[in-house]
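As structure tokens, the structure follows; a few thoughts come after it.
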Amino acid sequence: MFAVGKAAGADSIPALTGALASTNSELRQRTADLLAGIGPEVKGAVPSLKQRLADPEPRVVAMAAIALFKIDGQAHGAGHDRRPERRVA
């Protein structure tokens, strides 16, 4: 998948954003990692990556935040913490 995404760049955004919506958390995490590796060329994936910041799987959230930073150079927080005493409103 990495070779395909890297080679296709912006043309691969629809397929990769579809994978970000998968029910398989490992696929969502690996897709975010792939997008991070491609970088700014896949800015069209930013909205889908932002949605993953609320993913129930912490590894997906972390990789989505990394991908967002590598794509647009801005830090994006997850906006929540699963520990009740640490939740952000």
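Along the sequence shown, the residues carry numbers beginning at 1.
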Could you identify which residues cluster with Phe69, counting Ile, Leu, Val, Met, Phe, Trp and Tyr as linked when any side-chain heavy atoms lie under 4.5 Å apart, either directly or through a chain of such contacts?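 Result for Phe69 is none, singleton.
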Worked check of side chain to side chain contact (heavy atoms under 4.5 Å, CB included) between Leu68 and Leu53: CA-CA 10 Å; Leu68 285 164; Leu53 295 176; 3.8 Å; yes
Shortest non-hydrogen contact from Ala32 to Ala67?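 Answer, listing the atom of Ala32 first, then Ala67: O-CB, 3.4 Å.
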State, to 0.1 Å, how close Ile71 and Gly39 come at their nearest heavy-atom pair, and which atoms those are.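 Residues Ile71 and Gly39, closest heavy atoms: CG1-O, 3.5 Å.
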Not counting sequence neighbours, list each pair that qualifies as a salt bridge (charged side-chain N to carboxylate O under 4.0 Å, His left out) and has a residue in residues 17-28.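 Listed once each, the pairs are Glu26-Arg30, Arg28-Asp55.
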Only pairs at least two apart or in different chains count here, so list each salt bridge (charged side-chain N to carboxylate O under 4.0 Å, His left out) that has a residue in residues 60-75.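 Checked against salt bridge (charged side-chain N to carboxylate O under 4.0 Å, His left out) - neighbours excluded - no pair reaches residues 60-75.
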Would you compute the distance between atom [atom1] of [X] and atom [atom2] of [Y] and round it to the nearest 0.5 angstrom?
{"X": "Lys43", "Y": "Ile38", "atom1": "NZ", "atom2": "CD1", "answer": "14.5 Å"}
{"X": "Ser25", "Y": "Met63", "atom1": "OG", "atom2": "CE", "answer": "13.0 Å"}
{"X": "Leu20", "Y": "Leu34", "atom1": "CG", "atom2": "CG", "answer": "9.0 Å"}

In sequence, state the C-alpha distance, the side-chain angles, and the governing distance for Leu35 and Thr17, and then conclude on side chain to side chain contact (heavy atoms under 4.5 Å, CB included). CA-CA 9 Å; Leu35 289 164; Thr17 56; 5.6 Å; no
Treat each ILVMFWY residue as a node, draw an edge where side-chain heavy atoms are under 4.5 Å apart, and state whether Val46 and Leu16 are in one component.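 Same cluster: Val46 reaches Leu16 through Ile, Leu, Val, Met, Phe, Trp or Tyr contacts under 4.5 Å.
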